[in-house]
Participant: 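A single structure is presented below for examination.
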Amino acid sequence: MAERLSAEARRQALTGIPGWVEVGGREAIGKTFVFKDFNEAFGFMTRAALVAEKMDHHPEWRNVYKTVEVVLATHDAGGVTALDIELAKTMNAIAKLTPG
Ligand SMILES: C[C@H](O)[C@H](O)[C@H]1CNC2=NC(N)=NC(=O)C2=N1
């Protein structure tokens, strides 16, 4: 199983992933993505879901119209691991591919 990152390692990792922040009240990271419209938002979710399933690492997320709120944590490890960092980076890359 992936190792839970220390608070310091978590902060350090977050500096390299634009828009991702610590979630209050629990060990997790989060980002709110805002797209042009629902089509772009759902396209992002579809692409991200395929990657997440391949990684066997799944986001907690909520979609309202063109906004997608994502929270990532490794439940098995009780915190944030390299898997969350990897998925966060991948989601940023996927969002950039989405026009608008
Ligand atoms: C059995 C399976 O590998 C686990 O339940 C995986 C699936 N996806 C997961 N996703 C996330 N985000 N955290 C986990 O701890 C996790 N565990």
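Remember, it's 1-based here, ligands and their atoms both numbered in the order they're listed. Along the sequence shown, residues are numbered consecutively beginning with 1. Nothing here was measured: the structure is a model prediction, and the numbers come from that model.
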Participant: Got the closest protein heavy atom to atom 10 (N) of ligand 1, with its distance?
Facilitator: H58 N, 2.9 Å

Participant: Evaluate the 4.0 Å heavy atom contact test for atom 1 (C) of ligand 1: does a protein atom fall under the cut-off?
Facilitator: no

Participant: Would you mind telling me which of H57, K89, R4, R10 makes a side chain to side chain donor-acceptor pair (under 3.5 Å) with D84?
Facilitator: H57

Participant: Kindly determine whether E69 and W61 satisfy side chain to side chain contact (heavy atoms under 4.5 Å, CB included), including the steps that lead there.
Facilitator: CA-CA 5 Å; E69 294 170 11; W61 53 7; over 6 Å; no

Participant: Counting from 1, what ligand 1 atoms have a heavy atom of A73 closer than 4.0 Å?
Facilitator: 11 (C), 12 (N), 13 (N)

Participant: For ligand 1, is any non-hydrogen atom under 4.0 Å from A77's backbone (N, CA, C, O), its side chain (CB onward), both, or neither?
Facilitator: neither

Participant: If you apply the rule salt bridge (charged side-chain N to carboxylate O under 4.0 Å, His left out), what do you find for R26 with E60, and how did you get there?
Facilitator: CA-CA 13 Å; R26 59 179 287 204; E60 301 168 32; 2.9 Å; yes

Participant: Which of the numbered atoms in ligand 1 are under 4.0 angstrom from any heavy atom belonging to D56?
Facilitator: 2 (C), 3 (O), 6 (C), 7 (C), 8 (N), 9 (C)

Participant: Please step through side chain to side chain contact (heavy atoms under 4.5 Å, CB included) for the pair V51 and I94, ending with a clear verdict.
Facilitator: CA-CA 10 Å; V51 174; I94 291 171; 4.0 Å; yes

Participant: Which atoms of ligand 1 sit under 4.0 Å from any heavy atom of T74?
Facilitator: 13 (N), 15 (O)

Participant: Between W20 and F33, what is the ring plane arrangement, given parallel below 30°, perpendicular above 60°, and tilted in between?
Facilitator: perpendicular

Participant: At what distance is the nearest protein heavy atom to atom 4 (C) of ligand 1, and which residue and atom is it?
Facilitator: D76 OD2, 3.9 Å

Participant: Tell me, which protein residue and heavy-atom name are nearest atom 15 (O) of ligand 1, and how many Å apart are they?
Facilitator: H75 N, 2.9 Å

Participant: Do other residues, nucleotides or ligands put more than 12 heavy atoms under 6.0 Å from E3 CD?
Facilitator: no

